[in-house]
J.: 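One structure follows; several queries about it will come next.
Below, chains carry the letters A, B, ... as their sequence lines are ordered, and counting in each starts from 1.
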Amino acid sequence: MLARLSGWGRTAPTVARLVSPRDFEGVADIVKKSRERGVIARGLGRSYGDPAQNAGGVVLDMTSFDRIRRVDADEGLVDVEAGVSLDALMRALLPLGLWPPVLPGTRQVTVGGAIAADVHGKGHHVAGSFGDHVRSLDLLTADGSVRTLTPDGEGSALFWATVGGMGLTGVVLRATLRVVPVETSYFVVDTERVADLDELLERQSADDDRYAESVSWFDATATGPRLGRGVLTRANHARLDELPKKLRHAPLAFDAPRLFTVPDRLPSGLLNRVTGRAFSELWYRKSPTRSGRVQNITQFLHPLDVIGEWNRGYGPRGFLQYQFAVPFAAVDVVREVVGRISASGHVSALNVLKRFGPGNRAPLSFPMPGWTLCVDLPVRPGLGRLCDELDDLVLGAGGRHYLAKESRTTAEAVRRGYPRFEEWRAVRASVDPDGVFVSDMSRRLNL
Amino acid sequence: MIDAVGNPQSLLVLGGTSEIARAVVRRYTGARTPRVVLAARPSGRRDEAVAELAAAGVPVTAVDFDARDVGSHAAVLDKAFADGGIDVALVAFGVLGDAERAWQDHEAALELAGVNYTGAVSVGVGLAERLREQGHGVIVALSSVAGERVRRSNFVYGSTKAGMDAFYQGLGEALRPHGVTVTVVRPGFVRTRMTAGLRPAPLSSTADQVAEVVVNAVRDRRELVWAPASLRVVMSALRHLPRAVFRRLPA
């Protein structure tokens, strides 16, 4: 079936043959028969740019591989197929008092996608990224064979090239993941409203080690002395004795309401200076400083999952996320970027700032010790130029882009941002010499 | 590939020495340097265009192309696609001719029809085949408001543009399910070499202004645009004027 596919940002759609194999043999068959335009696996399509689309080629829809094959509560391990969403995984694990240690800003991603992008969450400074908790994975490579890979065993180089490898080493079929025990599904949250960016950076740097989860939102529409005012939110998993009485009868409840779904007919330009400022003002006002508040999963971790298809709010032109990381020493770049966006006239409402802990061994894994900043920008004239300028700042400071969100930078920028790029490329070439695995992103960035 | 903000990685210009085409290429090669294929007849002007791009560090290839020689078009396109896919293909060739000679001189009329219509259809079919296989890409067809409502003063030219415009609009519909966008651009009077010596019409523009319209239209995946945009309103009024009134308008 010919399908027009784009990423979550709805920019740069292309048409591919979308196939939904029923079993792993079917996947192998498609990979072996692949032609010039190649194959790429796709999960739930939550990458913002183009890594899960393949113009003129084949896209493998992996979402039907959604079985949770085994949960070993004693060992803290789950064996899942790659198409299982983190949402489904959480729903299966919570009644058993188990929790996936890394959850990104949405639960609507598959395990295969989470591995391919080596996603991170608000807890990176403590828990690391998704790949750090994969105990083994089954990878279907270009020759049609399936290899079981572990972080330290034989084939560990291919394991780490697959973590963060954007699906270009092969198709992840199954994985065994480490999970951790929890007493409740709630968080005890401390919220601090902070008047400007300097204070935000300072507050967020202080005692982060006391919290398992930490993130801040900042206002990118405010200018002058209020530039970068924000709301710092930090939390730990609630113990049973920390829950209010009315919640104790069902401490592991998973309440994930969907309030509404955004219709597909909104015009571009709804988010403009006026609405962006109004939203930012509202968000700032509604989050006064208070500590010890108990919040559920959706309230704390995934506020946007409440709204179905929220990406449609940006209209047909779509939007992009600009997310980068820079070393702690380059904190001035964070200030400079926030200032430039605020002065540019481009409006970003969903802005996130977070401190990363140590990175892992994957050559293309995004997290590195330092600050990471993410802004949502609707596509408008001049946006490309602004982002090119930001690239110069970020790369000049030894920073890099997050490929799961990347949609417009250059091949050179990826090589500069990821010093181990050629090492990754060599591993990829060793298992896929003919370039069977191809995506629009790999064509665009010459990955 | 075309990225999220509309930057292409590769450009093909058929009629690579046209001033509008050169202005479009310049706009795309500002901050980034996409690969450019210039298809045009060998000439000093082509050499100049190639040299200008090469000096700016743009990877550029020249391919010999004659719009009249439709038999050669498949080979021309094969060459143009030899180094990989094409993200944006600009159909920018055309001749204006002498309007009065064109309807009285058999050869002059066929020259206009052959280049502006037959040539455009010929490359359109070839581009469609290749972009459909790619599953993405944009064909930009430089049409003209002269084809939207054909006037006595240059009706042969206008009729070729009317045909070309209709062909590319239809091609856009046919290619839409295959991920390919066709953008028809209708400039008004553009002050270029082609119109040198003619009196500029109201709402005239420069090649640079048309180029800006083209780049924005590609970014926004628009299928029909006017340059300047205000011509859309003017033309939609003119289109509906009765002929008796229309013919009295100043040429």
Side-chain angles (χ1 to χ4, degrees), chain A residues 2-7 9-17 35-37 48-50 53-59 268 315-322 346 377-389 391-392 405-412 438-446, chain B residues 1-10 27-35 57-59 81-88 127-139 172-182 209 211-223 225 229:
Chain A
L2 283 185
R4 186 182 176 89
L5 300 170
S6 71
R10 309 217 303 170
T11 53
T14 61
V15 167
R17 200 157 62 83
R35 294 196 301 198
E36 200 188 328
R37 302 290 296 182
Y48 284 80
D50 49 3
Q53 58 198 64
N54 179 18
V58 171
V59 173
S268 291
R317 266 192 206 158
F319 69 108
L320 59 85
Q321 283 223 341
Y322 190 83
H346 293 274
L377 294 159
V379 174
R380 291 204 297 131
L383 180 60
R385 206 165 48 240
L386 172 68
C387 292
D388 286 347
E389 284 172 29
D391 283 3
D392 286 343
K405 298 188 174 176
E406 206 293 306
S407 61
R408 37 112 338 247
T409 196
T410 61
E412 194 232 339
V438 182
S439 63
D440 286 0
M441 173 175 267
S442 79
R443 284 194 187 95
R444 181 169 60 81
L445 296 175
N446 192 18
Chain B
M1 305 302 304
I2 298 179
D3 73 12
V5 292
N7 294 313
Q9 275 180 308
S10 51
R27 228 157 234 284
Y28 274 126
T29 50
R32 303 283 180 94
T33 51
R35 190 166 56 79
V58 177
F81 281 75
D83 293 330
I86 293 291
D87 295 335
V88 176
L127 286 172
E129 182 192 343
R130 287 162 180 82
L131 295 194
R132 195 168 62 163
E133 272 168 26
Q134 279 181 189
H136 81 284
V138 182
I139 299 172
E173 294 305 318
L175 288 175
R176 183 201 291 256
H178 301 278
V180 179
T181 306
V182 177
Q209 287 165 330
E212 186 181 357
V213 169
V214 168
V215 170
N216 291 344
V218 171
R219 182 197 60 221
D220 296 342
R221 304 196 288 273
R222 302 273 302 272
E223 293 170 325
V225 290

J.: Between A:D440 and chain B, which part of the residue has a heavy atom less than 4.5 Å away: side chain, backbone, both or neither?
T.: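 Both parts, backbone and side chain.
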J.: Measure the CZ-CG distance between A:R444 and B:D87 for me, rounded to the nearest 0.5 Å.
T.: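 It comes to 11.0 Å.
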J.: Working to the nearest 0.5 Å, report the span between CG of B:D3 and OG1 of A:T11.
T.: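 If we round to the nearest 0.5 Å, B:D3:CG and A:T11:OG1 are 8.0 Å apart.
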J.: If you take all heavy atoms of B:R32 and A:D388, which pair is closest and at what distance?
T.: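 For B:R32 and A:D388, the tightest heavy-atom pair comes out as NH2-OD1, 2.9 Å.
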J.: Considering only heavy atoms and a distance below 4.5 Å, find which of A:C387, A:G384, A:G318 pairs most often with chain B.
T.: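 Ranked by heavy-atom pairs under 4.5 Å with chain B, first place is A:G384.
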J.: Could you tell me which of B:E133, B:R132, B:Q134 has the largest number of non-hydrogen atom pairs under 4.5 Å with chain A?
T.: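 Highest number of pairs under 4.5 Å: B:Q134.
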J.: What pair of heavy atoms forms the shortest contact from B:V5 to A:V379, and how long is it?
T.: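 That closest heavy-atom pairing would be CA-CG1, 4.5 Å.
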J.: Could you measure the distance from the CE atom of A:M441 to the CE atom of B:M1? Nearest 0.5 Å is fine.
T.: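 Going from CE on A:M441 over to CE on B:M1, the span is 11.5 Å.
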J.: Tell me, for A:T409 versus chain B, whether the close heavy atoms (under 4.5 Å) come from the side chain, the backbone, both or neither.
T.: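 The answer is the backbone of A:T409.
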J.: Side chain from CB out, backbone as N, CA, C, O: work out which of these in A:R17 comes under 4.5 Å of a heavy atom of chain B, or both, or neither.
T.: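 When you check distances to chain B, no heavy atom of A:R17 falls under 4.5 Å.
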J.: For the CG atom of A:L445 and the CD atom of B:Q9, what is their distance to the nearest 0.5 Å?
T.: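 A:L445 CG to B:Q9 CD: 7.5 Å, rounded to 0.5 Å.
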J.: Between A:R37, A:E36, A:R443, A:R4, which shows the greatest number of heavy-atom pairs under 4.5 Å with chain B?
T.: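 Going by pairs under 4.5 Å, I would pick A:R37.
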J.: So, do A:P316 and B:R221 sit near enough that their side-chain heavy atoms are less than 4.5 Å apart?
T.: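 No, side chains not in contact.
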J.: With a sphere of 6.0 Å drawn around CZ of B:R130, does it hold more than 12 non-hydrogen atoms of other residues, nucleotides or ligands?
T.: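 Above 12, so yes.
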J.: Check the surroundings of atom CZ in A:R385: do more than 12 heavy atoms from other residues, nucleotides or ligands lie under 6.0 Å from it?
T.: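 Result for CZ/A:R385: open.
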J.: Do you know which of A:P381, A:A12, A:G57 has the most heavy-atom pairs with chain B at a distance under 4.5 angstrom?
T.: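 Most heavy-atom pairs within the cutoff with chain B belong to A:P381.
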J.: Ignoring hydrogens, what is the shortest heavy-atom contact between A:A55 and B:H136? Give both atom names and the distance.
T.: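 It is CB-ND1, 3.5 Å.
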J.: Out of curiosity, B:N216 CG to A:R380 CZ, how far, rounded to the nearest 0.5 Å?
T.: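 These two atoms lie 12.0 Å from each other.
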